[in-house]
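Below: the structure, in structure tokens.
Every chain is numbered from 1 and lettered A, B, ... according to where its sequence line falls, protein lines coming before strand lines.
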Amino acid sequence: MNKGKYYITTAIAYTSRKPHIGNSYEIVLADALARFKRMQGYDVFFQTGTDEHGQKIEEYAAAAGISPKEYVDGVAGEIKAICDCLNTTYDKFIRTTDKEHEESVQKIFKKLMDKGDVYKSEYEGLYCTPCESFWTESQLVDGKCPDCGREVKPAKEEAYFFRMSKYQKQLEEYIESNPNFIYPESRKKEMINNFIKPGLQDLCISRSTFKWGIPFPGDEKHVIYVWVDALLNYITGLGYNGEDNSEMYNKYWPANVHIIGKDILRFHTIYWPIMLMALGEPLPKQVFGHPWLLSGNDKMSKSRGNVIYADDLCDRFGVDAVRYYLLSEMPHAQDGTITYETIIERYNSDLANTLGNLVNRTVAMNNKYFGGVIQAPTASEDIDAELKEMALGTLEKVTKLLDTYKVSDALSEIFDLAKRCNKYIDETMPWALAKDEAKKERLGTVLYNLLESIRFVAVLLKSFLPETSDKILEQLGTDINTLDSLSEFGALKAETSVGIATPLFSRLDAEKTLAEIEASLPAVEEEKEDKKEIVGLAEIQYDDFAKVELRVCKVVDCKPIKKAKKLLELTLDDGTKTPRTVASGIAKWYKPEDLIGKSVIVVANLAPRTLCGVESHGMILAGDITEDDVKVAFVEGLPAGTQLC
RNA sequence: CGCGGAGUAGAGCAGCUUGGUAGCUCGUCGGGCUCAUAACCCGGAGGCCGUAGGUUCAAAUCCUACCUCCGCAACCA
């Protein structure tokens with residue numbers, strides 16, 4: 001029975017704000033897998049939690065006028081509440097602000113330093129003043145701050161670095177000899193081609209520009225880089241601290257799988273394994289980067305007003321409906337979408353019609369014809385074989401599909417069985433059998449086959465829709481719910497009684513439901529209004545401003561830059577006789593003809609910079625309304641060459 | 001020539017590895033049934049399988065070129 005241990009984790013959620021339904025997909029996916037593994041007889045440890053340090057959180061807290069700790073306590077509470085409302089069975093919810101985690105991380109750092117893999121450096125680093133961030137050469141984006149794109153200055157500041165490069169070869173070997181380590185395959189290629197092949201750079205693992213983090217052991221001016229702190233949760237949660245390994249750690253590590261979003265594969269498949277190698281610990285067996293759930297065609301974001309939260313959905317549709325949607329609608333390797341229309345559609349057609357109605361009609365018939373008592377199947381006919389065969393074959397299919405995380409395919413196998421049951425009812429026509437006293441035995445057998453098949457469905461659904469599964473079993477009047485009980489058709493006991501036929505999912509009136517949702521949306525809009533978190537820059541003197549030369553320029557010519565997706569090359573009349581060339585990252589929003597003839601404001605005395613082969617002399621002013629909406633500040637009535645002050 | 005993925009009925013997807021009557025869900029139309037939640041079962045309509053070439057007796061499937069979309073990288077002076 002016991003097949004050994006199975007350690008599964010989700011990524012820990014960043015406590016910057018309440019997570020939306022897309023963020024919640026991961027925990028449900030991991031939960032379904034964890035539940036299934038438990039049913040299979042594995043000793044499962046399932047960990048999730050929250051990632052609570054870092055500059056961003058310090059800023060959010062400051063904006064909210066509370067301490068970072070107060071801030072993360074609030075958000076972590078929301079995150080945990082959502083995990084709970086989704087009925088997830090995590091064994092541990094770790095917070096990176098947990099005392100044990102913080103202490104363990106510090107001890108682990110000492111160990112890394114002792115091993116010589118962390119070194120303190122004082123070399124000329126590059127500093128972005130507005131972001132108060134320190135970057136290594138490799139982190140720069142074409143020599144600029146990767147966060148804000150502004151100029152960075154050489155600054156002498158001490159920082160700690162981790163020798164990634166030392167382990168490059170070892171990592172390559174591991175990835176090669178463990179072909180399933182990075183999954184799915186396409187992501188693996190991305191990692192290898194984009195990061196590993198070009199060569200790994202040492203990673204700066206300390207920050208001294210803000211305070212909200214785990215203090216660097218032995219050097220309290222620094223805090224530990226949040227990603228390093230966060231990744232360690234997978235082992236600190238088991239009690240690993242670099243000194244003596246806990247029993248839990250010895251038992252469960254290495255993780256069988258880290259379930260994470262495709263966007264953070266790099267951290268989990270490069271930095272994390274290398275950290276473990278440095279510690280001399282085994283590597284996780286697999287990292288699964290799942291796709292994203294999008295709202296309609298867009299990423300969910302507050303500014304778009306298309307955010308959907310798991311708890312709201314659970315209130316409206318019920319937990320299992322939400323779980324079902326997430327698990328069945330998400331494709332295996334492509335991003336999925338969520339709209340209220342499709343939720344209702346899936347709810348009605350799959351949960352209410354196919355499954356709910358099947359259970360309801362079958363239980364109702366057994367009550368009607370036999371006073372609820374389950375009959376022994378004594379009058380089998382050839383037609384029964386197909387149904388039984390299908391019931392018996394489903395577990396194997398589901399198991400196989402889940403091995404490669406094809407959850408939606410697995411669910412659809414189970415629903416196929418339910419559909420087969422519905423068909424069987426039509427084939428056998430129990431209501432006709434009921435009219436003939438001589439066929440009573442056959443009727444009892446038909447209903448038995450149905451009830452037993454439904455039991456198969458319920459047991460198979462247990463990992464995915466736990467509440468529904470229990471409700472079905474309750475209506476069947478049985479508690480035989482193990483996977484083992486699916487090895488033979490006939491575990492359901494005759495002479496016991498079914499319960500009362502109670503609809504599992506009442507059909508939704510699509511129009512009415514959508515109207516209700518619509519009516520509840522204005523509240524969201526309002527929230528949007530007062531959520532303008534403008535983070536200002538540090539105060540400057542007039543002299544600083546005076547150094548910037550703003551000049552009106554007329555766009556004479558404009559063309560896309562071949563190699564770049566985002567860049568347009570503009571030729572400008574800046575009032576002088578020589579045309580000025582500027583590259584601007586607005587190709588997504590403007591076509592050349594939209595710009596030619598217009599006048600724009602240019603930062604004229606910015607040092608030239610070559611971008612994708614084009615030397616750019618200056619920068620056009622444009623406003624980022626949102627991340628996805630940028631407008632150039634056009635000016636009228638000012639001739640080319642006018643200087644602004 | 002940066003790396004990778006995708007383009008299949010109105011919508012969402014499978015099939016492509018190992019060529020051989022194009023399949024699933026929803027929607028739509030018609031029929032059946034009445035145990036059940038206007039549900040369930042059966043059937044029809046609806047596709048030049050992104051475009052153009054090539055290989056082959058035969059291509060959605062293999063090869064070449066191109067177009068479009070997406071992800072990663074790069075990139076918003």
Counting heavy atoms not belonging to A/Glu386, are there more than 12 under 6.0 Å from its CD? no
Take A/Leu504 and A/Tyr424, find for each the nucleotide of RNA chain B with the closest heavy atom, and name the residue whose nucleotide sits nearer the 5' end. A/Leu504
Mind checking the CG-CG spacing from A/Leu465 to A/Asp320? Nearest 0.5 Å is all I need. 4.5 Å
Could you tell me how far B/rA73 sits from B/rU68 if I compare only their P atoms? Round to whole Å. 23 Å
Between B/rA45 and B/rC29, how far apart are the C1' atoms? Round to whole Å, please. 7 Å
Whole-angstrom distance between B/rA14 and B/rG53, as gauged at atom P: 28 Å
Kindly determine whether A/Phe505 and A/Tyr347 satisfy ring pair (Phe, Tyr, Trp, His ring centres under 6.0 Å), including the steps that lead there. CA-CA 8 Å; A/Phe505 301 93; A/Tyr347 181 99; 5.6 Å; yes
Across every strand shown, the nucleotide meeting Watson-Crick or G-U wobble geometry with B/rU61 (both distances under 3.5 Å) is none
Taking any heavy-atom pair under 4.0 Å as a contact, classify A/Asn422: base, sugar-phosphate, or nothing. sugar-phosphate
Reckon A/Arg266 touches a base, only the sugar-phosphate, or nothing at all at heavy-atom distances under 4.0 Å? sugar-phosphate
Would you classify A/Phe505 as touching base, sugar-phosphate or nothing, given that sugar-phosphate means primed atoms plus P, OP1 and OP2, and contacts are heavy atoms under 4.0 Å? base
Looking only at atom P, what distance separates B/rU25 and B/rC41, rounded to whole Å? 10 Å
For nucleotides B/rA9 and B/rC67, find the distance between their C1' atoms and express it as a whole number of Å. 22 Å
Please tell me which of the listed nucleotides, B/rC72, B/rU25, B/rC35, lies nearest to the side chain of A/Lys419? B/rU25
Check every atom of B/rC72, B/rC35, B/rC42 against the side chain of A/Asp426 and return the nucleotide holding the closest atom. B/rC35
Could you tell me whether the side chains of A/Asp384 and A/Tyr424 share a donor-acceptor contact shorter than 3.5 Å? yes
Donor-acceptor pair between A/Tyr405 and A/Gln286 side chains, under 3.5 angstrom: yes
If you find the nucleotide of RNA chain B closest to A/Lys262 and the one closest to A/Leu355, which residue's nucleotide is nearer the 5' end? A/Leu355
Can you find a side chain N or O atom of A/Asn353 that sits less than 4.0 Å from OP1 or OP2 on B/rC40? yes
Is it the case that atom NZ in A/Lys439 sees more than 12 heavy atoms from other parts of the structure closer than 6.0 Å? no
Find the distance A/Met191:CE to B/rG2:C1' and express it as a whole number of Å. 15 Å
Determine the interatomic distance between P on B/rC3 and the same-named atom on B/rC48; round to the nearest Å. 34 Å
Integer angstrom distance from the P of B/rU8 to that of B/rG47: 14 Å
Across the strands shown, which category fits A/Lys188 at heavy-atom distances under 4.0 angstrom: base, sugar-phosphate, nothing? nothing
Give the ring-plane orientation class for A/Tyr183 versus A/Phe288, where under 30° counts as parallel, over 60° as perpendicular and anything between as tilted. tilted
Over 12 non-hydrogen atoms of neighbours within 6.0 angstrom of CD in A/Glu549: yes
Closest approach to the side chain of A/Met365, judged atom by atom: which nucleotide of B/rU37, B/rC35, B/rC42 is it? B/rC35
Quick one: what's the B/S/- string for nucleotides 6-14 of chain B, heavy-atom cutoff under 4.0 Å, read 5' to 3'? --------S
Taking atom C1' in both B/rC13 and B/rC49, what distance in whole Å separates the two? 13 Å
